[in-house]
Each structure stands twice: as structure tokens, then as C-alpha cells.
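Quantities reported herein were computed from a predicted structural model and do not represent experimental measurements. Just follow the structure's listing: the first ligand is 1, and inside any ligand the first atom is 1.
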Amino acid sequence: MTAQQNDTSKKMWGGRFSESTAASVEDFTASIQYDMRLYRHDIMGSKAHARMLARQNLITETERDAILHGLTEIESEIEAGTFAFKPELEDIHMNIEKALTDRVGAAGAKLHTARSRNDQVSLDLRLYLRDEAEELDRLLTEVQKSFLALARKYMGTVMPGYTHLQRAQPVLLSHHLLAYYEMFARDRGRIGDCKKRMNISPLGAAAMAGTGLPIDRESVAKELGFDGVTANSMDTSGDRDFALELLFSLSVVQLHLSRLAEELVLWSSKEFEFVEIGDRYCTGSSIMPQKKNPDIPELIRGKSGRVTGALVSLMMTVKGLPLTYNRDLQEDKEPVFDALDTVKAGLAITAELLQNTTFYTDRLQQATLGGFMTATDLADYLVRKDMPFREAHSVVGRVVALCQERNIELMDLTLTELQEFSTTIESDIFELLSVEGSVNSRISTGGTARVQVERALEHAEQQLGTR
Ligand code: ARG
């Protein structure tokens, strides 16, 4: 035996092999470096499995207790940082099982009865992601709460609403902020939906065809808090839809964070000067002493690629895989873990960032002046006077052209001048041409009128219990 080789007896599956695995193969195939984070869920799943095996008389109660005790000790060792992970044991599942067998002997070797790593790895990942989904919901709620606090604080402040990044119509700042509240509400809904499909127990699918041993899948599922058991062992063995769905949901969260980040970058620039991000949440330049840079939102924006990349990565892993389990599926974990770490960090820092952002209300208000942002209001006014909308659009276009020519605002036109465009215009038009009048006229459900925004904010505050 050369130094390159390892003792075949070390492998749990070494029986049919006459040569030991090459060290390069052990290196190449190991996943322990990253799947060790599944240890708690692996142990939780194994304990439930062992209890079921005892209920079904597949192991004795003494063996069960030895397994449970051994697993508890291993968990403490891992948590204390004293557990020796062995790359030659490939993954977390075999590291724990080997340690258990070393510790409790024959009973440990019975733990894997009626189970394969194929259903075990799916179980562990589902249990792990189910917890992560809850953590994501908590972090998303914190971001939502930060938006509600800002919307409450700045209620009544007007600002330009943009399309094509051109000033379009005046809106309330709180309306803009609550738009993000809605985006993150949908994210929470998406993750919740994804959790429902994830929360089905794969255990018992075994390698891929089920097992001939008299197991009780339903009782293990119940003990682990699953809503049921998967229906087809072959589907189960190669299914990673639950991970894909979560990655998609994470990608959308990250896109939402990135859009917000982009606005914060723009708004904190001298060109806009809409917000001031607290000093503790900005960084300086090593050469330009005057600089205060929005690095946090830039990094959040910059991390969008890797989260969407993780989704695409797993989609490509699954593409073209024949049923059922293929080792390719081991490639599921790194993208999922990286996306989770990235999004969770982004959400946590975004909540803090929002809590440390101040809006320049005067600048926002000032930016609503100029740019003919109440032109649509004039058109709507004419529509109310029975003019077809297309005609009104054209009339107002000519009014705007006149103002541009004379370098004045819509408000600066006299009633007589306006009446030259339509005799139906009366003095009540001036209320609508003002920014506040325009904003408050948009009373349609979901619109920016203060009554509607107040209503939306109160509803949201009630939903999150901050009111
Ligand atoms: N380390 C593998 C993974 O993470 C465990 C499953 C191995 N199953 C197998 N039949 N080789 O996917």
C-alpha cells in the first residue's frame, strides 16, 4: 500500500472494492467542507429515523437509546469545535455515522437501515432550508418595518415620481417607500409558498425505489414537522425543485434590494441630494478627502449577479439529469448556501441602512417644481369636462410647448390663456395644477393621494403589528 492510498476498511461502502480510493478522488468528491453546516439537521433527521426504526422493531430500544445518546454527544462535540471532520469520509452524513459507529458500535451501524444517503441528503437540505426560510421571513420583516417607520416619519412630503428616470408625476415620498414594502411582502409570500412544497418528507424513498423493510414514513414525517410524505420514490431521489424555488425567490429578493440600492446611490449623489446616509454607513476615498461613498448599496447591487448566478448554476446542474439520483446533485449545496448567506447579509444591512438614512424634504419638494409634472392633471381635468383623452393629451401637449417657449410653468398661465386651448377650463384648474392638489387628487385605490397612502400605511402597520 502506498502513502497515496487509504485503508479500504475506512469506507462505509468499501466492501466490493479491492483497491482503496485515490487521494485525488477523495479530494475531488468530498463535500464535507461545505455540507458540514447541515450537521444539526442531519442529527435531527437521524434521531427521528432511529425512533421510527425502534417503533417498527427494526432495532431494539437499547440500540435506539445508544444511537440517540451517541448523536447528542456528537452534536455537542461539533458545536464545541472538537469534532474531527474527515474529508476521506466525504460528507457530513458519513462523518457523523462513522463517529457514531466508533462510539456505540453495532447499534450505530444499524442507523442506516432502510435509508440511503439519497433520501437522507434531501431530508437534511429540506430541514435546513425550512429553518432558513423562517430566518429570511424575519429579516424581510425587519426591512419592511424600516420602510414603515420612514413612511410614517415623512408622511406628507412630496417628491417627483419618475418614469424613464424623468420626472413624471408628483407623489408622496411615503408612497414611494411603501412600494418597497409591497415588493418585500411579495418576497415573503414567495418564500412561504416555496416552504409549503419543501415541507414534505423524502425519507423512505431510500436509494430511489423505496424499501422492503417495514418502515413507517408518515410517523417520521410527523415527528419532523412535515406536512406529508413524497409520493414517488424515484422523483424524490433526484428532486431539487425545492432548492430551485428558493433560489429563484432569493434572486428576486436580491433584485429588489438592488433596485433600492440603485436609488440610494442616485439619491445620495450631489445631482439628486435627496438623502443623506449616516457616516457610519458610508466609506471614504483613500485619495479624495472630500468623498463620502455609498459602498453598502453598491455592494448590494453588485451581489445581484452571484445570487442569480446561483439559481442558474443549479438549473444547469439539474438540466439533462436522467432519473434518479446522480452525483451531480451534490453541486446543489454551494450555490444555495452562498445565495442564502449573501441575501441574509444584504437584508440585515439594508434594514440598518434605512434606519440611518435621512431624507432632505426641502430638496424633494423643490424637485417637484419645474418639469410640467402636473400636465396629466390638466388632461384629466379636460376628460372630466367630456373631452376624449387622446384629444386632451394633444391639447395639453400644446400647452406645455407654449410654456416651454415662454420659459414658464403651467401654474403661471392665466385663465384666459388656458381658455384659448379649451373654453371648458375654469378657475378650479389652478388647485389641480399645484403639486399638493395633483397628489391629493389621485384617490384611486393604490394611488398617491394622502388619504390612500395613510390607509395603506395603517394597513401595513397593522399587518406587522407595529401599530
Ligand atoms: N455527498 C453526497 C451529496 O451531497 C451524498 C449523496 C451520495 N449518494 C450517493 N449515491 N453517492 O449529494
Peer 1: Please identify which of these residues, F359, Y162, W267, Y181, meets the ring-ring contact (aromatic ring centres under 6.0 Å, His included) condition with H176.
Peer 2: W267
Peer 1: Identify whether the distance between the nearest side-chain nitrogen and carboxylate oxygen of K196 and D227 falls below 4.0 Å.
Peer 2: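 No.
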Peer 1: With a 4.0 Å cut-off on heavy atoms, is M94 touching ligand 1?
Peer 2: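 It does not; every heavy atom stays at 4.0 Å or beyond.
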Peer 1: Any ion pair linking R152 and E461 (charged N to carboxylate O, less than 4.0 Å)?
Peer 2: yes
Peer 1: Do the ring centers of F337 and Y128 come within less than 6.0 Å of each other?
Peer 2: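 Ring centres of Y128 and F337 closer than 6.0 Å.
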Peer 1: Within the supplied structure, the quantity of interest is the number of heavy atoms (other residues, nucleotides, ligands) at a distance under 6.0 Å from R327 CZ; does it exceed 12?
Peer 2: yes
Peer 1: I need the nearest protein heavy-atom contact for atom 5 (C) of ligand 1: residue, atom name and distance, please.
Peer 2: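 Sorting protein heavy atoms by distance from atom 5 (C) of ligand 1 puts D91 OD2, 3.2 Å first.
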Peer 1: Students should be able to answer this: which protein heavy-atom is nearest to atom 4 (O) of ligand 1, and at what distance?
Peer 2: K333 NZ, 2.8 Å
Peer 1: Backbone or side chain, does any N or O of Y325 fall under 3.5 Å from an N or O of ligand 1?
Peer 2: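 Yes, since at least one N or O of Y325 sits under 3.5 Å from an N or O of ligand 1.
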Peer 1: Judging by distance only, is a nitrogen or oxygen of N118 under 3.5 angstrom from one on ligand 1?
Peer 2: yes
Peer 1: I'd like to check whether Q330 has a polar contact with ligand 1, where a contact means an N/O of the residue lying under 3.5 Å from an N/O of the ligand.
Peer 2: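 Between Q330 and ligand 1, an N or O pair is found under 3.5 Å apart.
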Peer 1: For atom 11 (N) of ligand 1, what is the closest protein heavy atom, and at what distance to 0.1 Å?
Peer 2: R117 NH2, 3.7 Å
